[in-house]
Amino acid sequence: MARDTTALSRRDVLKASGAAGAAGLTGLAGCAGVGGGGDSEYPALGNYPVEGDEVVFGFNVPQSGSYSQEGADELRGYNLAVEHLNNGGGWVDNWDGLSGDGVLGKTVTAVEGDTATDPDTARQSASRMISRDNAIMITGGSSSGVAIAVQELCQEEKVQFQCCITHSNDTTGGSCVRYSFREMFNAYMTGQALAPVLAEEYGEDLNFYQLYADYSWGQTQQASMEQFFTEVGNWSQIESVPTPLGTSDYSSYLSDVPRDETDVLVLNHYGLDAANSLPQAIEAGLDQDMEIVVPLYNRLMAEAASDSIGGIFGTADWNWQLEDDASQSFVEFYREEHDRAPSYGARIAYTQTLQYAAAVERAETFYAPEVIRELEGHEYSGAGLGNETMRGCDHQAQRDVLVCQGVDPSEQTEDLLLNIVSQTSRDDLGYACDAGPAAECELGDYGDE
């Protein structure tokens with residue numbers, strides 16, 4: 001993986017200007033070494049400097065609530081990353097800058113929290129990790145509402161946040177912050193990848209009806225579907241109806257769908273919500289009168305709604321069937337530990353942990369502003385999706401997106417629930433820094449200005 005060399009980092013300035021320059025810059029930022037111990041080249045900030053021989057990562061995932069099964073697989077990915085960072089193995093052996101001997105010589109330890117898929121609970125859990133456990137980096141989430149709440153906290157506390165599952169445009173759009181980075185694609189990219197496939201499959205000039213989870217993710221998801229279905233397929237939206245997060249009975253919403261007018265029903269639900277709404281739509285016989293689409297798949301939903309997903313289109317972050325070397329090696333070492341194929345949540349968790357650790361190694365410090373600068377504009381590959389760029393203007397990864405289709409129940413296995421229909425190149429997706437969700441992003445400060 002290559003370092004982005006387009007921006008001159010503060011560390012470059014320090015190196016070039018020598019001790020006198022370092023003293024000057026440090027003096028501008030505050031008192032060097034405040035907080036005691038550890039690497040004190042830079043002033044104390046957040047939980048820097050790191051004390052002792054260990055460094056703490058905070059894994060803040062849903063261990064209860066609607067997305068708890070996603071959280072469990074995220075933890076499996078995180079724990080594999082810690083094992084490989086400390087002892088070698090997995091992607092660490094081929095990842096530039098990582099040694100398998102901890103991070104900057106410090107052994108990585110981890111603390112875990114339960115977000116309960118609730119922003120307030122997640123923020124309290126992350127706050128404890130920062131103040132009580134001295135976590136240098138927080139990562140996790142399986143809800144955009146949670147991710148946005150925690151990244152706001154991390155910006156305030158000057159502690160880095162590595163997003164896991166969060167698909168709302170707002171995460172790296174109107175709610176973006178300097179201290180957060182996202183590997184996962186977003187709803188805008190789902191619309192760009194999915195609309196051409198559906199227009200080809202179902203035709204143009206159709207009428208669609210949307211139900212959406214009424215929080216950040218569902219709201220931006222339905223807006224992106226409306227935009228790209230209208231632009232690409234010349235489809236017309238009949239209505240878009242919000243549903244509360246955590247709804248178990250969708251019968252009243254489904255009964256309002258006009259069967260004689262609707263060609264495509266879009267269910268913007270995720271996790272257990274989608275595992276409820278899709279089977280209920282099938283049971284109501286809506287699939288006999290219209291096509292049904294679930295724009296964002298995950299394993300939990302596919303497993304729980306397995307009898308209903310046959311032929312249903314959606315997008316996914318990653319899939320274990322990808323044939324590139326990185327994907328297959330990840331599947332192999334994950335399967336050795338857990339005797340099953342990993343979900344994309346596990347891949348994001350693993351990747352984001354290694355991304356942070358490698359950035360620390362390149363920066364040669366845990367000082368957050370320098371680590372952030374190492375990630376901004378960083379180009380990389382070997383994470384299962386080809387060449388990627390962690391864009392500097394909004395901290396959104398520019399990467400490929402998969403369009404998938406549910407496997408017919410008669411052909412499903414424990415691992416095989418989705419088939420990959422297409423892998424849309426990042427060259428055909430995304431948006432400029434002054435367009436789409438990025439146009440609303442103002443990252444905020446580094447903390448050393």
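If you look at His269 and Tyr250, their ring centroids are closer than 6.0 Å. Aromatic rings of Phe228 and Tyr188 (six-membered ring for Trp) have centroids within the 6.0 Å cut-off, being under it.
Between the side chains of Asp408 and Ser410, at least one donor N or O sits under 3.5 Å from an acceptor N or O. In this model, no donor atom of one side chain and acceptor atom of the other lie less than 3.5 Å apart for Ser168 and Ser144. Looking only at atom types and distance, the side chain of Thr190 has a donor-acceptor partner in the side chain of Thr315 under 3.5 Å away. Side chains of Asn268 and Gln222: no donor on one and acceptor on the other come within 3.5 Å. The closest side-chain donor-acceptor pair between Gln160 and Gln162 falls under 3.5 angstrom. In summary, the side chains of His378 and Thr389 do not present any donor paired with an acceptor at a separation below 3.5 Å, with no hydrogens or angles considered. For the residue pair Ser125/Asp114, the side-chain donor-acceptor check at 3.5 Å is not satisfied. If you check the side chains of Gln321 and Asn319, you find a donor sitting under 3.5 Å from an acceptor. No hydrogens or angles considered: nothing links the side chains of Glu183 and Gln355 as a donor-acceptor pair under 3.5 Å. Remark: the Trp318 side chain and the Ser327 side chain contain an N/O donor-acceptor pair separated by less than 3.5 Å. Inspection of the Thr121 and Thr115 side chains reveals no N or O donor paired with an N or O acceptor under 3.5 Å. Neither side chain, Ser180 nor His395, offers a donor N or O lying under 3.5 Å from an acceptor on the other. Checked by atom type, the side-chain pair Glu70/Ser142 shows no donor-acceptor distance below 3.5 Å. Of the N and O atoms on the side chains of Asp428 and Gln192, not one donor lies less than 3.5 Å from an acceptor on the other residue.
Considering only residues two or more places apart in sequence or on other chains, Tyr356 meets the ring-ring contact (aromatic ring centres under 6.0 Å, His included) condition with Phe57. Taking the salt bridge (charged side-chain N to carboxylate O under 4.0 Å, His left out) definition, one finds that Arg426 meets it with nothing, sequence neighbours left out.
Atom CG of Asn87 has more than 12 heavy atoms from other residues, nucleotides or ligands within 6.0 Å.
A salt bridge is absent between Glu332 and Arg335: the closest approach of a Lys/Arg side-chain nitrogen to an acidic carboxylate oxygen does not fall below 4.0 angstrom. The pair Arg340-Glu303 counts as a salt bridge, with a side-chain nitrogen and a carboxylate oxygen less than 4.0 angstrom apart. Ion pairing between Arg178 and Glu376 holds under the 4.0 Å rule for side-chain N and carboxylate O. A salt bridge does not link Arg362 to Glu370: none of the charged side-chain nitrogens sits closer than 4.0 Å to a carboxylate oxygen. Using a cut-off of 4.0 Å between Lys/Arg side-chain N and Asp/Glu carboxylate O, Arg76 and Asp73 are scored as salt-bridged. Between Asp445 and Lys158 a salt bridge is recorded (basic side-chain N to carboxylate O distance below 4.0 Å).
The shortest non-hydrogen separation linking Lys106 to Gly52 is NZ-O, 2.5 Å. Nearest heavy atoms, Phe161 versus Cys154: CB-SG, 3.8 Å. The minimum heavy-atom distance between Ala281 and Leu265, with the atom names listed, is CB-CD2, 4.4 Å. Here the closest non-hydrogen pair linking Phe313 and Val293 is O-CG1, 3.6 Å.
The CG atom of Leu153 lies 5.5 Å from the OG atom of Ser127; values are rounded to the nearest 0.5 Å. Annotation: the span from Leu429 atom CG to Arg399 atom CZ amounts to 9.0 Å, rounded to 0.5 Å.
Panel note: side chain Asn169, backbone Ala187; a donor-acceptor pair is recorded below 3.5 Å. Although no hydrogens or angles enter the test, the distance criterion places no donor-acceptor pair under 3.5 Å between the side chain of Gln63 and the main chain of Ser68. Between the side chain of Asp93 and the backbone N or O of Gly89 there is at least one donor-acceptor pair closer than 3.5 Å.
Note that Arg347 lies outside the cation-pi zone of Phe330, set by a 6.0 Å cut-off to the ring centre and a 45° limit from the axis.
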Are Val264 and Leu198 close enough, and set up right, to give a side-chain contact (heavy atoms from CB on, under 4.5 Å), and what steps lead you there? CA-CA 10 Å; Val264 180; Leu198 296 184; 5.6 Å; no
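Under the 2.5 Å SG-SG cutoff, Cys393 and Cys433 qualify as a close cysteine pair.
Applying the ring-ring contact (aromatic ring centres under 6.0 Å, His included) test between His84 and each of Trp91, Tyr78, Phe333 identifies Phe333 as the sole match.
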